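Shown next, in structure tokens, is the structure this report addresses.
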Amino acid sequence: MDLLNGMNPQQKQAVTAGLGPILVIAGPGSGKTRVLTHRISYLLSYMGVRPYNMLAVTFTNKAAKEMENRVANLLGYGDEGDHSRAPNMPQVGTFHSVCARLLRREAEHLPFNANFVIFDADDQVSVVKQALGELNLDEKRFRAQGVHASISNAKNELLLPETYPVQNYRDDVVKKVYKRYQELLLTSNAVDFDDLLLWTAVLLEQNTAVRERYARRFEHVLVDEFQDTNQAQYVLLKHLASFHRNIYVVGDPDQSIYAWRGADYRNLLRFEEDYTDAQVILLEQNYRSTQMILDVATAIIDRNPHRKARRLFTDRGTGRKVVLYQAYDDRAEATYVVETIAKLVAGGNQPGDFAVMYRTNAQSRLIEEAFLRHNLPYKLVGAQRFYGRREVKDVIAYLRLVHNPSDEISLNRVINVPTRGIGDKSMASLRQLAAKAHLAAGDFLLALPAMDDSQLQSALTARAISAMKKFVLELRKWRSLAEKANPADVMDSILEAVEYRTFIDDGTDEGQDRWDNVMELRRLAIEYEGRTLPEFLEEIALVSDQDTIQGSSNVPTLLTLHAAKGLEFPVVFITGLADGTLPHMRSFEDPDSMEEERRLMYVGITRAMDRLYLTCPQTRSTYGYAEPCDPSRFLENIPNQLIDVSYSSPQNVSRPGSGGAFSSTARPAAPTWQSARNGTAPAQANAPKSIQFPAGSKVVHPVWGDGMVLNSRIMDDDETLDIFFENVGLKRVAASLAHLKHKT
């Protein structure tokens, strides 16, 4: 049959497997998305399964859209456009979006209404801070982010506030905050991301009628990236597949790298224990990488204990050896990466072929500086998310309030944006009045126009009452419009009524950028023509960082190893391979964490298609001075015949001599990769070649004052100094730029 054309025997077996539980162990680059989508099409086209009776879930909107487009193409709809409502299309979505739809349908069984809003990460931390304040807890001692992480972990383990285990004082605090946090969410008719999974799992666990209705409906449940599921997801999947038992999961225990957010690769083991009759199918042929790259990856991951032996193989040929480069320090490492990319671009590669990966976001700084010094553009994954920008959050908050007036987080955000004369004191008074009336602040606000001012003047000023009533009239108009208009029309009405452009665009380039971001959000809303405001809000609430990665710009990509999951690039650099960084120092005393660090490196290596560069520094800058570091212990596992090793020394480290990374000479306008391709990248200026300030010298800086030189060395014809200043501490400077004088 055409559906199986070009597939290897294991892929064909996975697509045409019979009924019952099926576990597909899919190595990186083994075509798992193709197998999963062809399995869906096979069930629809050859097994007679109705789309209504099928559910397919994955983790990101990007992955879900890719899966939907491929299925649509196989079914003859083409591979572009919105196919979610096309006939013969099954329900495909992320765990969170599927759960959100289910919870809205079954809201009568839940402690919140169907028009609930989904609080984003910032909102969640704000609610935790509010709970800490109400409970008179010291936020410096109990950080809101840390407390929220504990609450999130509890929800992933299906622990409610009343069942939260208490073993010490902090646990007791978290339990109290968790209880109040949930109360505040319900007051706002809101849920957080973890609640979407938690409430669905609890509902299916406790309500037999609801569980049986969905379990009977979904004859086939298919799951992508199964190794990334947490306890809540595993339980709800078991409930959904409890009647027909046709659960088809695809995953790879070697690529489980999200334990920090609740993922548990042991769910693959639990699956085999819970479904002893499950078929297990291995996909080991890799279609992405060369054999050299795969052998390096296997050498790393094979050291994990209890790993089932699997060897990836490919028809792509042996390929080049992996390059291992040990730089003199972390700055030289960054320079090497950028200069190597520039040479390869000059040799014919496209700039977009390259990815530079690292363990933590903080490591990107030196790499970014190296790109800027060389006047070469790049894109950074994990910078401030589009949906996290102030102006975007403002507009979304307005829309959320229109949809759900009980949303107190959104009300607090926009009630005085732009300024209306409704300050914090007025809002506190409004909340007190609402509490006395047993209403959410937003619901009480909606009732204000019908109230006599004399009823309110004991708590609110006349100016605040007038401003609130005027705001409510606008809010009612927007709510009425939202019942019949597209999301973009509602947005336009809000922006015009509050004169938001005048507020956000002050005539500067930054102001124009802010307004451009608002227009980008509007462009997205236009795509929801014919759909509802709740659908639009739900979609943008569930966007992940990976969903925002743009694949079109032809420049190198800088990203963490965690963010690289699911991506591929012709050429990959994995940087900062030092003990304490990768593996991270937190894993040294924890065998489980060390195994995950090894899996993380495995994931990074297997993103590479044609060439792989591994780099590590001999020293790195710590608090302003050089500190020796050991190469990652994982590098010791790579056989010598698979790698080419090279080193740099202080004498050949490339250093900028004309200014810092952010000086005007280092960052001229309109950088392009054409200059690198043509060999016309900006030249570096020369500087003195002799040491003027040896270690032990006392110096004076025009801004920082008196200091002592701790270390001095020549780097690419310039003198680099580590100096301890009495007023500001340790600083690293270039002698040609620092305007230092010897202190007599």
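Bear in mind the structure is a predicted one, so any value in this text is a computation, not a measurement.
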Legend entry - Spatial distance of atom OG (Ser97) from atom CG (Asn61) [nearest 0.5 Å]: 6.5 Å
Legend entry - CZ-NZ distance between Phe371 and Lys379, expressed to the nearest 0.5 angstrom: 12.0 Å
Flag the pair [X] and [Y] as a salt bridge only when some basic side-chain nitrogen lies within less than 4.0 angstrom of an acidic carboxylate oxygen.
X	Y	value
Arg501	Glu496	no
Arg413	Asp123	no
Glu568	Arg607	no
Arg479	Glu483	no
Asp122	Lys393	yes

Using only atom types and a distance under 3.5 Å, with no angle test, would you say the side chain of [X] pairs donor to acceptor with the backbone of [Y]?
X	Y	result
Arg104	Ala114	yes
Lys65	Thr60	no
Gln233	Asn230	yes
Gln145	Val125	no
Glu474	Lys470	no
Ser466	Arg463	no
Arg522	Asp492	no
His374	Ala370	yes

Inset, instruction - Test Glu139 against Arg143 for salt bridge (charged side-chain N to carboxylate O under 4.0 Å, His left out), laying out the working first. - result: CA-CA 5 Å; Glu139 193 184 325; Arg143 296 289 185 183; 5.5 Å; no
Legend entry - Check: Phe354 ring centre within less than 6.0 Å of Phe569 ring centre: no
Legend entry - Arg105, CZ atom: more than 12 neighbouring heavy atoms under 6.0 Å: yes
Inset, instruction - Can you sort out the partners of Ser480 under side-chain contact (heavy atoms from CB on, under 4.5 Å), two or more places apart, ordered by chain and number? - result: Lys484
Inset, instruction - Give the intermediate values and the outcome of side-chain contact (heavy atoms from CB on, under 4.5 Å) for residues Val92 and Val71. - result: CA-CA 10 Å; Val92 178; Val71 171; 5.5 Å; no
Side chains of [X] and [Y] in contact at under 4.5 Å (non-hydrogen atoms):
X	Y	result
Phe116	Asp195	no
Thr229	Phe95	yes
Glu225	Gln255	no
Asn486	Met491	no

Could you report the tightest heavy-atom contact between [X] and [Y], atom names first, then the distance?
X	Y	answer
Val490	Ala485	CG2-CB, 4.5 Å
Asp394	Val414	O-CG1, 3.6 Å
Ala440	Thr187	CB-O, 3.7 Å
Ala434	Phe444	CB-CB, 3.7 Å

Legend entry - Evaluation steps, side-chain contact (heavy atoms from CB on, under 4.5 Å), between Asp224 and Val57: CA-CA 6 Å; Asp224 189 19; Val57 290; over 6 Å; no
Legend entry - Candidate pair Phe471 and Arg420, rule side-chain contact (heavy atoms from CB on, under 4.5 Å), full reasoning: CA-CA 9 Å; Phe471 177 73; Arg420 298 186 177 88; 3.5 Å; yes
Inset, instruction - Would you check, one step at a time, whether the test side-chain contact (heavy atoms from CB on, under 4.5 Å) holds for Trp199 with Lys155? - result: CA-CA 9 Å; Trp199 284 115; Lys155 291 183 178 184; over 6 Å; no
